[in-house]
Amino acid sequence: MDRLTRTLFGSDFEWGVSTAAFQIEGACDADGKGESIWDAFTAKKGKVIGGHKADIACNFYYNFKEDIDLLKKLHIPNFRFSISWTRVLPDGTGKVNQEGINYYNRVIDYCLEQGIEPWLTVYHWDLPQELEQKGGWTNRQIVDWFSNYTEICARSFGDRVKHWMVMNEPSVFSGAGYFFGIHAPGRTGIKNFLPVIHHVVLSMVAGARKLREILPDANIGTTFSCSHIEPASQSKRDIAAAHRADALVNRLFIEPVLGLGYPVNEIPVLSDMQKYILPGDEENMHFDFDFIGLQNYTREIVKYSFLTPYIHARLVKAAQRKVPLTAMGWEVYPRAIYHILKKFDAYPQIKKIIITENGAAFPDDLIDGNVADVQRLDYIRENLQQILAARQEGVNVQGYFVWTLTDNFEWAEGYHPRFGLVHVDFETQQRTIKSSGYWYSDFLKG
Ligand code: GAL
């Protein structure tokens with residue numbers, strides 16, 4: 001294979017790193033910020049490994065200049081970050097907290113001064129706790145709450161921010177947060193999950209339309225998590241189970257947004273959503289996004305399972321398959337991203353794909369001021385090779401964002417999984433660029 005160079009991807013290809021407010025900012029109650037569901041969830045016993053909290057996290061709120069300087073030093077031209085809803089609207093609705101707006105203005109302005117393009121995610125999982133008390137995503141009023149919040153973001157930052165993502169991975173925050181209860185707000189069961197799915201879809205579209213109305217020239221996308229899925233065997237039952245799992249993991253949120261409706265045939269329990277779908281909703285479920293953000297980390301192997309409710313399919317854990325693993329227990333399988341790109345490129349409604357997250361956690365060692373994270377470096381390089389292969393076969397993929405710049409708060413897993421190109425000592429907040437960071441920098445420099 002040819003040496004991997006930036007030029008092979010073309011001059012318009014967007015390169016960056018991704019982050020999320022709750023995972024890096026800290027300053028959990030500074031300058032009028034309200035409580036989010038993740039503040040409330042991490043305060044409860046037994047929800048996060050090690051009882052870790054994100055009150056300080058990477059201290060990005062106070063140290064953002066240092067991290068943006070690192071971006072510049074590493075030749076990373078695009079920076080994806082999210083807005084914390086409760087900094088802007090402490091109660092989710094009502095009075096705007098000007099201090100929160102001022103903070104994001106400082107971050108955006110500093111990026112632009114350094115020649116770095118900001119890419120904003122409106123919602124990366126940190127719902128205002130005040131809204132959760134009113135039902136959160138299960139309450140249909142959230143469509144208005146979310147549009148109002150998006151409108152404030154668009155009017156406050158849209159004069160300088162050209163690239164927008166409405167939501168981050170709806171299937172994860174609704175599935176983990178409202179069905180399995182392993183993420184905030186920790187609710188469980190199909191009764192919560194079904195209305196949440198529909199309200200999330202309506203909100204994603206309402207938010208996107210607000211952005212389009214206020215910022216007609218903006219580049220508007222939204223992001224989806226996706227895993228390449230294969231059946232455990234060639235038996236009819238496993239193949240059908242893999243098909244159902246694929247509908248749940250990869251199709252549930254994107255297909256309605258593309259105008260294709262919910263995958264009810266594969267997941268019959270979705271027909272119980274009918275009671276939440278009101279007359280006129282169908283017109284408000286799709287949007288013509290400028291780009292679709294895909295976030296892929298691994299592949300999953302799926303087996304028929306009589307005992308698993310609703311989809312009769314279960315994952316065969318990577319640890320049981322004797323394959324290389326990341327610190328998250330996910331299989332290292334770079335070919336997955338190639339399959340995902342081919343799969344989503346086949347939807348004629350998708351105009352452009354950007355890989356808005358891809359990366360890996362490994363247990364890094366800081367030795368004599370160096371982190372030789374060869375596994376992460378190889379992971380990123382091999383994933384890029386697969387993206388290039390897809391692109392050379394005509395897939396319209398136009399960007400790649402590494403998850404993530406610095407090690408940070410990895411949700412229910414706490415601080416143990418380290419995903420950064422830059423190591424963080426959480427005691428001292430000292431940053432150390434890892435080998436992968438230097439590699440990405442050299443690659444971007446050409
Ligand atoms: C994504 C998520 C990120 C990050 C990453 C690594 O699902 O958007 O916030 O945590 O996974 O697990």
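As the structure lists them, so they are numbered: ligands from 1, and atoms in each ligand from 1.
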Under 3.5 Å, is there a donor-acceptor pair between the [X] and [Y] side chains?
X: T356; Y: Q295; value: yes
X: Y338; Y: Q385; value: no
X: Y262; Y: H198; value: yes

Problem set entry | Cation-pi check, R87 onto Y103 ring (under 6.0 Å, within 45° of axis) | yes
For this session: Check salt bridge (Lys or Arg N to Asp or Glu O under 4.0 Å) between K342 and all other residues, then give those that pass, not counting sequence neighbours.
Result: E393
Exercise. Under 6.0 Å from the CD1 atom of I56, do we count more than 12 heavy atoms belonging to anything else shown?
Worked result: no
Between ligand 1 and the protein, which N/O pairs fall short of 3.5 Å?
unit_1, atom_1, unit_2, atom_2, d
ligand 1, 7 (O), E169, OE1, 2.4
ligand 1, 7 (O), E169, OE2, 3.0
ligand 1, 8 (O), H124, NE2, 3.3
ligand 1, 8 (O), N168, ND2, 2.8
ligand 1, 8 (O), E357, OE1, 3.2
ligand 1, 8 (O), E357, OE2, 3.0
ligand 1, 9 (O), Q23, OE1, 2.7
ligand 1, 9 (O), H124, NE2, 2.9
ligand 1, 9 (O), W411, NE1, 3.0
ligand 1, 10 (O), Q23, NE2, 3.2
ligand 1, 10 (O), E410, OE1, 2.8
ligand 1, 10 (O), E410, OE2, 3.3
ligand 1, 10 (O), W411, NE1, 3.0
ligand 1, 12 (O), E410, OE1, 3.4
ligand 1, 12 (O), E410, OE2, 2.6

